[in-house]
Amino acid sequence: MAEVKLIGAWFSPFSRRVEMALKLKGVEYEFIDEDLSNKSPLLLKYNPIHKKVPVLLHNGKPIAESSVIIEYIDETWEGPSILPKDPYERAMARFWVKFIDEKCLVAMWKACFSPGEEGEKAKEEAAQLLKFLEEEIKGKKFFGGENIGLVDIAANFIGYGFGILQELMGVELLTKEKYPNLYEWIDGYINHSFVKDFLPPKDKITEVFKAFAQPGYSGYKPKF
Ligand SMILES: N[C@@H](CCC(=O)N[C@@H](CS)C(=O)NCC(=O)O)C(=O)O
């Protein structure tokens with residue numbers, strides 16, 4: 001039987017993406033929880049370039065970068081498709097994941113953590129970027145259509161962690177009034193039986209964000 005291990009971090013939305021993909025396919029795996037403020041020799045060995053989680057080990061062979069890993073999982077195991085079959089739809093799904101990773105997450109994070117003018121500019125930018133997702137999800141249950149797909153998996157921070165973060169930081173960015181379609185998606189998403197299993201408890205996530213917000217905090221904190 002194939003040996004599947006995931007080097008991840010319990011709070012990381014990127015490693016959660018991979019867990020979701022593995023669960024969707026019904027793949028058994030061992031989760032190795034990494035301490036990102038004191039990275040293990042295992043992580044450094046298998047992801048020497050980025051030194052980040054997640055890393056999937058399939059029969060000892062490492063694969064890094066969550067989107068790359070998800071595509072590998074989709075191609076390797078039977079089960080519900082994570083990426084659309086149609087080439088154009090596949091390309092579009094990849095486009096939105098790139099948009100989320102390179103634009104939305106960066107601006108949303110800075111909107112919460114960057115001080116002064118940088119933070120204000122990030123809030124404006126994030127507000128505009130989210131409008132594109134608001135438009136994209138309009139009239140659809142999930143980004144993947146009737147079922148959860150690649151973009152829904154990639155957007156797990158927008159669907160869950162960000163709501164907790166913005167509340168904690170007193171930022172009013174992603175609200176029901178401004179983004180009714182996205183909000184409906186969030187509601188359907190976090191209450192979906194499959195997604196529910198992956199949501200870390202709110203109080204635990206809040207503790208992590210609180211630590212990130214502490215002045216002088218010297219542990220691991222995502223940098224964008
Ligand atoms: N592009 C990467 C991002 C992964 C990422 O940022 N992982 C964070 C945890 S949430 C990490 O391992 N950070 C370690 C570091 O920055 O040193 C992916 O999609 O897998």
Side-chain angles (χ1 to χ4, degrees), residues 4-24 27 29 31-58 61-76 82-83 93-114 122 126 129 133 143 148-166 168-169 198-202 204-213 217-224:
V4 182
K5 294 182 183 182
L6 174 63
I7 310 175
W10 69 267
F11 61 84
S12 163
F14 298 101
S15 72
R16 194 158 320 115
R17 288 175 177 182
V18 176
E19 288 201 82
M20 290 172 93
L22 289 169
K23 279 272 160 76
L24 256 181
V27 179
Y29 63 97
F31 186 74
I32 304 170
D33 197 23
E34 182 70 28
D35 175 1
L36 291 173
S37 45
N38 181 22
K39 292 176 185 167
S40 69
L42 196 71
L43 176 64
L44 301 177
K45 175 179 171 191
Y46 287 123
N47 192 0
I49 297 183
H50 298 297
K51 304 179 177 67
K52 290 183 178 189
V53 296
V55 178
L56 186 79
L57 295 173
H58 185 198
K61 288 190 291 186
I63 308 151
E65 288 295 308
S66 59
S67 316
V68 177
I69 302 171
I70 294 174
E71 293 213 20
Y72 176 80
I73 292 170
D74 203 23
E75 288 165 9
T76 304
I82 299 172
L83 273 89
R94 291 181 179 124
F95 170 86
W96 287 113
V97 173
K98 214 167 152 53
F99 171 74
I100 288 170
D101 281 356
E102 293 175 7
K103 306 285 276 183
C104 298
L105 296 185
V106 181
M108 291 166 83
W109 194 258
K110 285 187 177 167
C112 290
F113 285 113
S114 295
L129 295 170
L133 289 181
F143 288 98
I148 285 182
L150 178 71
V151 182
D152 301 279
I153 290 177
N156 74 69
F157 179 72
I158 299 175
Y160 182 64
F162 185 72
I164 299 172
L165 179 61
Q166 68 170 4
L168 180 74
M169 303 304 278
F198 294 98
L199 304 178
K202 187 177 173 186
K204 272 186 85 185
I205 282 286
T206 305
E207 285 313 307
V208 172
F209 290 148
K210 264 192 191 155
F212 290 167
Y217 167 76
S218 60
Y220 164 73
K221 181 177 173 183
K223 292 181 274 306
F224 282 108

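All ligand and atom numbering here is 1-based and tracks the order in the structure. Values reported hereafter were calculated over all heavy atoms of this structure, with side chains retained and with hydrogens, waters and symmetry mates removed.
The shortest heavy-atom distance from P54 to ligand 1 is under 4.0 Å.
Only the side chain of L36 comes within contact range of ligand 1, with a heavy atom under 4.0 Å; no backbone atom does. By the criterion of a heavy-atom distance under 4.0 Å, the side chain of K39, and not its backbone, is placed next to ligand 1. Contacts with ligand 1 closer than 4.0 Å are made by side-chain heavy atoms of Y220 only, the backbone lying farther away.
Of all the atoms in ligand 1, the ones that sit under 4.0 Å from a non-hydrogen atom of S12 are 9 (C), 10 (S).
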Discussion item. Side chain to side chain contact (heavy atoms under 4.5 Å, CB included), that's the test. Do D35 and Y220 meet it? Break it down for me.
Written reply: CA-CA 9 Å; D35 175 1; Y220 164 73; over 6 Å; no
Discussion item. Show, in sequence, the C-alpha distance, side-chain angles and deciding distance for F143 and W96, and conclude whether the side chain to side chain contact (heavy atoms under 4.5 Å, CB included) test is met.
Written reply: CA-CA 9 Å; F143 288 98; W96 287 113; 5.9 Å; no
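The nearest heavy-atom contact from the protein to atom 4 (C) of ligand 1 is V53 O, 3.2 Å. Protein heavy atom at the shortest distance from atom 1 (N) of ligand 1 is E65 OE1, 2.8 Å. For atom 19 (O) of ligand 1, the closest non-hydrogen atom on the protein side is S66 OG, 2.6 Å.
Ring-plane geometry between F212 and F113 is classed as perpendicular, the angle between the planes exceeding 60 degrees on a 0 to 90 degree scale with a lower cut at 30. F95 and F99 have parallel rings, their planes meeting at less than 30° on a 0 to 90° scale where 60° marks the start of perpendicular.
At most 12 non-hydrogen atoms from other residues, nucleotides or ligands lie less than 6.0 angstrom from CD1 of I49. Atom NZ of K103 sits in a sparse spot, with 12 or fewer heavy atoms from other residues, nucleotides or ligands closer than 6.0 Å.
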